[in-house]
Undergrad: 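Structure provided below as structure tokens; questions to follow.
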Amino acid sequence: MKRLLASVVLAASACAAWAGKALPVKVENAWARAMVAGQQSSAVYMRITAAEPLQLVDAATPAARITEVHEMRMEGDVMKMRAHPAVPLPAGQAVDFKPGGLHVMLMDLPKELKAGTQLQLTLTFRDARGQPHKLGLPVPVRSTPP
Ligand SMILES: [Cu+2]
């Protein structure tokens, strides 16, 4: 019970710190894809809405040794995936990270991601003045989209 209380207080103070910086950003429906046997990588999907212009410049999680923000693009007839160094998040406009599009790629995972578990994701945003801001959130691991 004591531990539960401590984590609630911690979450509340993290929110307060974020609010104090006046950099509101909303992350909704975040989920990580559960891995099947033999799979080497996975991905996190979510919807991000920034209230002022931001860029998503980094993502990290202890669940993967390599975490990169990727986009999928058609090049001719071939769907290609590449790292996106700074995803623009226009003010008030929801940006979807979804299968077949933008995603946070998880590679070199120390252990398999199992449905029903959670991973901790840290997103780094850059504001219009070039200042970095970190946001941590728990991400449920699922076999299907929420
Ligand atoms: Cu990818």
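Indexing begins at 1, ligand by ligand and atom by atom, following the structure's order. When reading the values below, keep in mind they use all heavy atoms of this one structure, side chains included, and skip hydrogens, waters and symmetry mates. Quick caveat, the model's predicted, so the values are computed rather than measured.
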Undergrad: Quick check against the 3.5 Å criterion: does H103 have a side-chain atom that pairs as donor or acceptor with the backbone of G101?
TA: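 A pair under 3.5 Å: yes.
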
Undergrad: Sort by chain and number the protein N/O/S atoms found under 2.8 Å from the Cu ion (ligand 1).
TA: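 The answer, once waters are left aside, is H70 ND1, M81 SD, H103 NE2, M105 SD.
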
Undergrad: With distance as the sole test, does R142 use its side chain to make a donor-acceptor pair with the main-chain N or O of T144 at under 3.5 Å?
TA: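 Yes, the answer is positive, given that a donor and an acceptor are paired below the 3.5 Å cut-off.
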
Undergrad: Checking S42 side chain against R33 main chain: does a donor-acceptor pair fall under 3.5 Å?
TA: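 Checked: pair present.
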
Undergrad: Is there a donor-acceptor pair closer than 3.5 Å between any side-chain N or O of Q93 and the backbone N or O of P90?
TA: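 The answer is no, because no donor-acceptor pair under 3.5 Å joins these two groups.
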
Undergrad: Quick one: does any side-chain atom of D96 pair with a main-chain N or O of K98 as donor and acceptor, under 3.5 Å?
TA: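 Between the backbone of K98 and the side chain of D96 there is no qualifying donor-acceptor contact (under 3.5 Å).
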
Undergrad: Should the pair E75-K80 be classified as a salt bridge under the 4.0 Å nitrogen-to-oxygen rule?
TA: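 Judged by the 4.0 Å cut-off on N to carboxylate O distance, E75 and K80 do form a salt bridge.
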
